[in-house]
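Single-structure report; data block below.
Each residue takes its place number in the sequence, starting with 1.
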Amino acid sequence: MNHTVHTNRRGGGLLPLLLLFLGLVACGAPEASLDRPNILWISHEDLSPIYGCYGDSYARTPNIDRLAETSIRFTQAFSNAPICAPARSTLITGRYAVSLGTQHLRSEIPVPEGMKILPEVLREAGYYTSNNVKTDYNFDHQGRWDESSREAHWRNRSEGQPFFSVFNFMMTHEGPTNALRDSDTESLQVFSAPDQAVLPPHLPDSPKMREIWAHMYDLLAVFDQEVGRLLAELEADGLLEETIVFVFSDHGHGLPGHKRWLDNAGLQVPFILHVPDKYKHLVSNLSAPVTDHKVGFVDFAPTVIGLAGAAVPEGMEGTNFLGETAEEKEFIFGYRDRADDCYEVSRSVFDGRYLYVRHFMPQLPYYQNALIFNKGGSYEEINRLRALGQLSEPVRQFFLPKPVELLYDLENDPLEQTNLVANPEVAERVSHLREALDAWMIRHRDTGLISEGIMMAQAKAAGKSVYEIAREYSPERFRSILEVAQLVGKVEDPAILESFFVATEPAQRFWALVALDAYSGEIDAVMPSVRRLLEDKMAAVRTKAAEILAGRKNDPEAFAVLEELLKQEDEVQVLQAAISVRQLGENAQPLLAAIQNEVFPKYSGEIWGRYKSWSYPMFIGMALDQTQINCGVVVNTRR
């Protein structure tokens with residue numbers, strides 16, 4: 001790549017430079033604008049670290065690899081969530097999504113009124129900010145960028161103004177990966193050979209899966225072409241040596257065992273940081289071309305603000321990982337909550353070698369009986385092989401309840417095949433990571449402990465943001481909820497839950513029900529307490545109680561409560577009820593008439609020819625569609 005600097009400066013001498021400076025000041029440009037770097041983010045969807053520069057010989061990424069030769073390659077960079085919206089929320093706010101309540105996929109979360117996200121901070125510092133084009137932050141982005149559109153580009157700024165420009169490329173998303181459309185790769189002349197693919201153990205090794213894997217690499221090659229195009233535009237504009245460039249993915253591969261999975265395969269991302277020579281002083285803590293410095297998406301916003309010479313707003317929870325004041329992070333934290341209509345709560349902590357995962361709803365398999373896991377591509381292939389009894393053991397595990405806790409030694413087990421959590425040789429390590437995770441959840445008021453239904457109900461009732469509601473909880477109150485949540489998967493006698501069924505804290509009542517749901521033994525002794533919760537003031541508690549009673553006892557009163565909850569106006573609470581109804585499988589038959597005649601029509605529309613919107617109505621519709629399928633109804637969900 002030609003790194004020749006092209007400038008638009010005329011002549012020499014002090015007077016022209018002085019006039020130029022005075023002109024910029026007169027136009028309102030910040031005094032230091034000539035000395036501050038432009039910053040370009042080139043991001044793409046759904047790919048783990050498989051660029052050629054990461055040692056993957058199957059990849060064809062010549063543009064990225066050339067850039068990496070003069071850049072810093074991060075070997076321990078992580079999304080904080082294994083799916084797009086919470087990952088992007090974290091990225092753009094510098095706050096953990098679980099702090100804001102934005103960790104659930106495609107939600108509409110009220111955020112603090114005065115909260116400034118990355119582009120707003122940079123705009124106030126004099127930067128031109130552009131986004132092309134995806135946002136998907138789980139909150140309203142209107143007015144937060146100078147331009148956010150398919151035409152957004154640094155070239156639309158005022159002359160001489162520094163810029164922060166983001167280009168989000170979606171060709172590597174799980175949709176194109178699994179669709180196998182020739183049109184998505186028509187710009188390529190060379191294609192990946194499926195017979196040379198090396199699949200991870202958590203994917204079945206079949207001709208169809210090899211074809212999908214190869215196509216994923218072809219889509220990466222298309223992305224690489226776009227990287228080359230943007231770098232060429234920078235060079236044509238004389239800006240290549242004036243611009244710090246980030247190249248990264250939003251989370252792991254858009255395939256089973258990666259996206260949506262709270263493991264290293266879902267969280268680790270490629271990250272190349274190109275810093276021109278004139279700005280090397282801004283990254284003085286990283287001199288090597290390859291670094292194992294741990295960074296998470298929560299750190300990107302404060303780091304960019306630091307590069308721009310601006311002040312990091314109070315409330316940002318990430319840390320600047322570049323420059324003289326950068327500190328080495330001890331831990332990277334991760335979270336998985338509701339994705340589509342699959343409700344989960346899982347948390348992780350990584351110390352640079354060991355990854356610890358805590359599943360708070362272990363009774364739910366990774367591979368739930370939901371539309372998202374019953375679609376085409378890789379999911380269809382896994383379902384086909386399962387029906388034939390031909391799944392390998394690592395893939396078969398997807399359909400089973402999850403371990404409550406996991407510990408992987410990524411140094412010796414990078415493909416995460418051996419759970420060491422019960423190994424006495426690492427007991428001290430497990431304890432240390434468990435305590436670190438607990439402390440982090442309490443310190444940041446992890447709203448996953450409150451639950452989506454409860455946090456949204458409380459925010460709505462108070463007219464406040466979810467973030468503000470969570471911070472009204474004391475650390476002691478949060479710990480009391482965590483202690484109940486930690487009973488899930490570990491209950492030996494359901495009688496120990498009785499006191500929590502009558503707790504004043506709604507989230508404690510909710511988690512006591514989750515713990516009961518995870519208990520596989522006889523529950524008759526606590527049924528009176530569960531039935532009383534059918535009248536709970538909190539809809540999310542009523543929903544969970546009704547799900548247990550309908551599923552375990554075929555209780556008519558429970559079905560009546562679920563029908564009532566499905567018919568309410570609050571879409572958040574309707575979604576919780578729809579998820580519980582889907583979990584009933586074919587036992588949801590008593591609700592079919594209400595679903596078909598009254599509930600589903602409210603959420604139908606043109607999205608995918610089926611649903612009303614991309615947010616709650618779509619996931620309500622998906623849950624209700626799967627419910628109908630479970631009950632033997634033929635539903636056209638192909639899209």
Can you spot which of F78, F331, Y408 makes a ring-ring contact (aromatic ring centres under 6.0 Å, His included) with F350?
-> F78

Would you say that [X] contacts [Y] through its side chain, given a criterion of any heavy-atom pair below 4.5 Å between the two side chains?
{"X": "I382", "Y": "P256", "value": "yes"}
{"X": "F600", "Y": "R610", "value": "yes"}
{"X": "L364", "Y": "Q583", "value": "yes"}
{"X": "L100", "Y": "P112", "value": "yes"}

Checking [X] side chain against [Y] main chain: does a donor-acceptor pair fall under 3.5 Å?
{"X": "S249", "Y": "L47", "value": "yes"}
{"X": "D413", "Y": "T418", "value": "yes"}
{"X": "S206", "Y": "M209", "value": "yes"}
{"X": "D337", "Y": "S346", "value": "no"}
{"X": "D299", "Y": "V295", "value": "no"}
{"X": "S615", "Y": "R106", "value": "yes"}
{"X": "N80", "Y": "F333", "value": "yes"}
{"X": "E405", "Y": "V421", "value": "no"}
{"X": "N178", "Y": "S378", "value": "yes"}
{"X": "T177", "Y": "G254", "value": "no"}

For residues [X] and [Y], report the shortest heavy-atom separation together with the two atoms involved.
{"X": "F500", "Y": "A512", "answer": "CB-CB, 3.7 Å"}
{"X": "A515", "Y": "L497", "answer": "CB-CD2, 3.9 Å"}
{"X": "R582", "Y": "A623", "answer": "CB-O, 3.8 Å"}
{"X": "L533", "Y": "F501", "answer": "CD2-O, 3.4 Å"}
{"X": "Q573", "Y": "A540", "answer": "OE1-N, 3.9 Å"}

Give the C-alpha distance, both sets of side-chain angles, the deciding distance and a yes or no for ring-ring contact (aromatic ring centres under 6.0 Å, His included) between F619 and Y616.
-> CA-CA 5 Å; F619 302 129; Y616 299 110; 7.8 Å; no

Working for ring-ring contact (aromatic ring centres under 6.0 Å, His included), residues F297 and H251 | CA-CA 10 Å; F297 275 4; H251 50 69; 8.8 Å; no

Check this for me, if you would: do [X] and [Y] make a salt bridge, where the nitrogen-to-carboxylate-oxygen distance has to be below 4.0 angstrom?
{"X": "R509", "Y": "E505", "answer": "no"}
{"X": "E380", "Y": "K375", "answer": "no"}
{"X": "R384", "Y": "E381", "answer": "yes"}
{"X": "E571", "Y": "K612", "answer": "yes"}
{"X": "R429", "Y": "D351", "answer": "yes"}
{"X": "R531", "Y": "E557", "answer": "no"}
{"X": "D46", "Y": "K259", "answer": "yes"}
{"X": "K464", "Y": "E472", "answer": "yes"}
{"X": "R358", "Y": "D438", "answer": "no"}
{"X": "E535", "Y": "R542", "answer": "no"}
{"X": "E45", "Y": "R88", "answer": "yes"}
{"X": "E468", "Y": "R471", "answer": "no"}
{"X": "K402", "Y": "E344", "answer": "yes"}
{"X": "R260", "Y": "E174", "answer": "yes"}

Tell me yes or no: between the side chains of [X] and [Y], is some donor less than 3.5 Å from an acceptor?
{"X": "E564", "Y": "Q568", "answer": "no"}
{"X": "H359", "Y": "Y366", "answer": "yes"}
{"X": "R532", "Y": "S529", "answer": "yes"}

Derivation and outcome, side chain to side chain donor-acceptor pair (under 3.5 Å), residues N554 and N587 = CA-CA 8 Å; N554 203 29; N587 292 336; over 6 Å; no

Which of parallel (below 30°), tilted (30 to 60°) and perpendicular (above 60°) describes H444 and W440?
-> tilted

Can you establish whether the number of heavy atoms outside E428 located under 6.0 Å from its atom CD is more than 12?
->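 No.
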
For K553, which residues count as a salt bridge (charged side-chain N to carboxylate O under 4.0 Å, His left out) partner, sequence neighbours excluded?
-> E522, D524

